[in-house]
Visitor: 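First the structure, then my questions, so here it is.
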There are 2 protein chains.
Amino acid sequence: MAASTLTEVARLAGVSPATASRVLNGSARIPGKDIADRVRQAAESLGYIPNAQAQGLAKSSSGLIGLIVHDIADPYFAAIARGVQEAAREQHKMVLLATTVGAPDSEKEAVAAFAARRADSIVIAGSRTSRAEDLEGNTELAAELDRYCRNGGHVSVIGHGIVGAAAADGYHVVNVPNEELAAHLATELATSREEDFVIVGGPEGLFTSDDRIRGFQRGLASAGLPAADVIRTDFTRAGGFEAGLALAARITASQPGTETKRLCIFAVNDVMAIGAAAALRSQGLRIPRDAAVAGFDDIETLRDFRPALSTVHLPLEEIGRQAASRAAGPSADDAGSPPITGQVILRRSTEVAHPTSAESVA
Amino acid sequence: MAASTLTEVARLAGVSPATASRVLNGSARIPGKDIADRVRQAAESLGYIPNAQAQGLAKSSSGLIGLIVHDIADPYFAAIARGVQEAAREQHKMVLLATTVGAPDSEKEAVAAFAARRADSIVIAGSRTSRAEDLEGNTELAAELDRYCRNGGHVSVIGHGIVGAAAADGYHVVNVPNEELAAHLATELATSREEDFVIVGGPEGLFTSDDRIRGFQRGLASAGLPAADVIRTDFTRAGGFEAGLALAARITASQPGTETKRLCIFAVNDVMAIGAAAALRSQGLRIPRDAAVAGFDDIETLRDFRPALSTVHLPLEEIGRQAASRAAGPSADDAGSPPITGQVILRRSTEVAHPTSAESVA
DNA sequence: CTGTTAGCGCCTTCAA
DNA sequence: TTGAAGGCGCTAACAG
């Protein structure tokens with residue numbers, strides 16, 4: 001027993017399908033008042049639900065927003081997804097989800113799938129990469145997106161634009177000032193401190209990571225400090241943990257006698273920072289006494305972590321929302337939404353050690 | 001410039017649309033070898049992407065899985081979503097996301113929207129409620145689901161079944177043994193301890209919460225202990241925090257002289273537990289010294305929280321995956337997937353206070 | 001094995 | 001204002 005159709009409703013109401021359509025979905029005036037009620041009633045009694053596929057086919061638009069993330073369980077992406085979802089709700093659309101593991105070819109597939117479903121727009125979150133091995137994948141992805149745009153689709157990419165993507169119509173980028181913010185964080189951290197800085201970064205070629213590293217180094221430089229060592233590892237908690245272990249060894253080794261500066265560790269995202277902190281702790285080191293740790297993103301779920309993590313707040317939800325609404329066209333706010341900004345937040349994890357202040361909570 | 005169609009491909013290849021369809025999508029044999037290649041090449045050169053809407057309309061099935069959650073940014077739901085997403089990928093389907101704030105009527109809308117899109121199946125996560133004020137909403141939701149099922153849809157609900165939903169065809173429930181596990185947690189906690197138990201629960205009528213409360217009380221009873229006080233609050237971190245504040249006052253008040261037992265707080269989910277812990281800490285109390293805290297769910301992102309939180313591990317991802325594949329029909333594993341089980345995990349937050357063990361990490 | 005003929009359910013000109 | 005007719009892109013029966 002398939003769902004009832006518009007035709008059935010029309011028949012029951014004693015009108016033509018066209019009329020029924022106008023009453024139930026169309027936009028133009030339908031003052032048939034008497035007839036309109038009959039149709040509505042018929043629809044109601046039949047439990048009529050319009051077939052979105054058919055509607056979409058007829059007017060070639062689907063009311064779908066495609067969202068591509070690396071992993072929906074990652075709090076970073078989950079927060080963005082929430083923003084996208086909210087925007088979608090406002091636009092009376094639904095979001096179609098695709099998760100790739102950052103692999104460009106898998107992203108390409110997702111774009112093709114969205115294109116097949118005639119998604120009205122696509123939001124791509126998750127960092128772009130410039131690694132040589134991804135070059136081909138990136139090119140194909142760019143081509144796929146380009147085709148999608150040429151067919152009238154709207155794309156908005158969060159962070160960096162797709163490598164090799166021509167600035168086509170309907171192609172937007174929501175810029176996140178990773179570099180500037182990282183620089184800002186570095187200068188804040190460099191102020192009135194005397195410590196060695198180390199950066200725990202993701203794999204080379206990951207834009208988000210590279211931008212943050214570059215920015216941090218720049219900030220250090222502008223504060224007259226030497227460049228920090230950079231440890232490359234996975235862009236995950238596990239990666240942070242691994243790096244943390246190495247750093248713990250380094251700290252422990254330099255303990256005896258030598259007047260050592262405290263280590264200040266900047267992990268390019270919060271999750272890595274937490275991993276690094278866990279590693280230090282597992283080696284009996286304490287934060288911020290033995291080392292300072294800072295992250296990036298200000299993930300909500302991690303805010304109760306102790307010692308409270310210094311980080312850079314990013315309005316993730318707003319980023320997602322903006323990406324989704326920008327792709328919807330310049331409808332609402334012609335002025336365009338305001339650029340994304342972040343904010344350095346210094347908390348306990350990078351406090352200068354005051355031996356006595358045990359209870360100071362950020 | 002709209003995307004190219006199958007007809008165009010067919011024309012370019014000099015064959016009929018039907019043939020082209022068979023080559024590009026159909027399943028039956030298409031050994032036209034020579035012709036098949038021509039078609040494929042034509043498709044390639046035109047950048048042909050099948051229109052899923054049209055395909056869906058023609059074969060009345062959409063390749064879509066609808067997922068309903070309260071909030072995709074909540075790590076609990078995000079983890080489930082990951083599981084659903086994985087199952088979807090295996091089924092070569094895509095997931096359509098809808099977030100409700102737990103409001104039955106909003107869930108009803110989501111179901112209708114999924115039905116409109118002819119989703120092949122729907123997964124509903126997020127706790128069911130039995131509050132009087134939700135009765136009407138629940139009934140409508142049940143009706144909507146029932147209709148959806150009658151039209152051939154498959155539904156699987158995580159946790160409790162929808163209140164008032166008749167066991168229709170295609171309606172499945174993925175049971176989560178909340179009560180048993182909570183009971184188990186209680187008995188573990190009750191062993192060799194002498195403390196007062198308090199439960200921080202969600203609003204009355206929330207099945208997930210109520211089940212866990214009931215189970216915990218049962219466990220306490222079977223250990224010969226009196227029932228614990230129950231504090232009702234929001235099913236969120238903020239709720240946990242609020243309750244934690246009240247409890248902190250209670251603890252502080254009873255400090256002087258009176259031989260007081262330590263308080264053991266069971267929050268019905270991890271996020272609430274974290275909130276409660278934060279509240280205690282904000283009042284200068286320490287865990288587990290001044291109070292023990294336990295949660296439920298074993299949220300991954302929270303595992304680095306210190307003191308490590310005792311909790312009940314739930315295979316969230318597997319739950320999502322199972323829900324999605326069960327709804328896909330008894331295709332893969334006829335034996336049906338194994339029932340969901342959890343596991344009590346005792347960590348630092350409920351350790352019996354050993355004044356000297358400062359570095360014992362769970 | 002391939003082409004032809006009908007729809008799938010809806011919307012949208014175009015007449016009436 | 002309402003109805004009739006055609007088409008959105010594809011698939012599924014039939015023919016050939």
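Naming convention: chains lettered A, B, ... in sequence-line order (proteins, then strands); numbering from 1 in each chain. Hydrogens, waters and symmetry mates are skipped; everything else that's a heavy atom, side chains included, is used.
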Visitor: Quick one: which of C/dG9, C/dT2, C/dG7 gets closest to the side chain of B/A58?
Guide: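 Given the options C/dG9, C/dT2, C/dG7, the side chain of B/A58 is closest to C/dG7.
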Visitor: Looking only at side-chain N and O atoms, does B/Q55 come under 4.0 Å of OP1 or OP2 in D/dT11?
Guide: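 Checking B/Q55 against D/dT11: at least one side-chain N or O falls below 4.0 Å of OP1 or OP2.
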Visitor: Could you pick out which residue, B/G14 or B/L57, lies toward the 5' side of DNA chain C when each is mapped onto its nearest nucleotide?
Guide: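 Nearer the 5' end of the strand: B/G14.
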Visitor: Answer whether the closest heavy-atom distance between the side chains of A/L64 and B/L96 falls below 4.5 Å.
Guide: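 Yes, close enough: below the 4.5 Å cut-off.
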Visitor: Write down the distance between CG (A/N51) and C1' (D/dC8), rounded to a whole number of angstrom.
Guide: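 Going from CG in A/N51 over to C1' in D/dC8 covers 13 Å.
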Visitor: Counting just side-chain N and O atoms, does A/T19 come under 4.0 Å of either OP1 or OP2 of D/dG3?
Guide: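 Checking A/T19 against D/dG3: at least one side-chain N or O falls below 4.0 Å of OP1 or OP2.
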Visitor: Ignoring backbone atoms, establish whether B/N25 has a side-chain N or O less than 4.0 Å from OP1 or OP2 of D/dT11.
Guide: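 For D/dT11, OP1 or OP2 has a side-chain N or O of B/N25 closer than 4.0 Å.
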Visitor: Any idea how A/F77 and A/H70 line up, ring-wise: parallel (<30°), tilted (30 to 60°), or perpendicular (>60°)?
Guide: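 Aromatic pair A/F77/A/H70 classed tilted.
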Visitor: Assign A/P17 to base, sugar-phosphate, or nothing according to its heavy-atom contacts below 4.0 angstrom with the strands shown.
Guide: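 Since no nucleic acid heavy atom lies under 4.0 Å of A/P17, the category is nothing.
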Visitor: Taking the side chain of A/K59 as heavy atoms from C-beta outward, which of C/dT2, C/dT12, D/dT11 is closest to it?
Guide: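 It is C/dT12.
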Visitor: For the residue pair B/E140 and B/P104, establish whether any side-chain heavy-atom pair is separated by less than 4.5 Å.
Guide: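 The answer is no, as the side chains (C-beta and beyond) never meet within the 4.5 Å cut-off.
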Visitor: Taking atom CG of A/N175 and atom CD1 of A/I319, what is their separation to the nearest 0.5 Å?
Guide: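 Going from CG on A/N175 over to CD1 on A/I319, the span is 10.5 Å.
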Visitor: Hey, does B/T5 reach any base, or is it just sugar-phosphate, or nothing, if we go heavy atoms under 4.0 Å?
Guide: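 Counting heavy atoms under 4.0 Å across all strands, the contact made by B/T5 is with sugar-phosphate only.
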Visitor: Measure distances between side-chain N and O atoms of B/R118 and base N and O atoms of C/dG9, and say whether any donor-acceptor pair falls under 3.5 Å.
Guide: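 Flag unset: no donor-acceptor pair detected.
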Visitor: Is B/S21 close enough to D/dT11 that one of its side-chain N or O atoms is under 4.0 Å from OP1 or OP2 there?
Guide: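 Yes, because at least one side-chain N or O of B/S21 sits under 4.0 Å from OP1 or OP2 of D/dT11.
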Visitor: What are the residues of residues 41-48 of chain A, sorted by number, that bring a heavy atom to within less than 4.0 Å of DNA chain D?
Guide: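 Of all residues in residues 41-48 of chain A, none places a heavy atom under 4.0 Å from DNA chain D.
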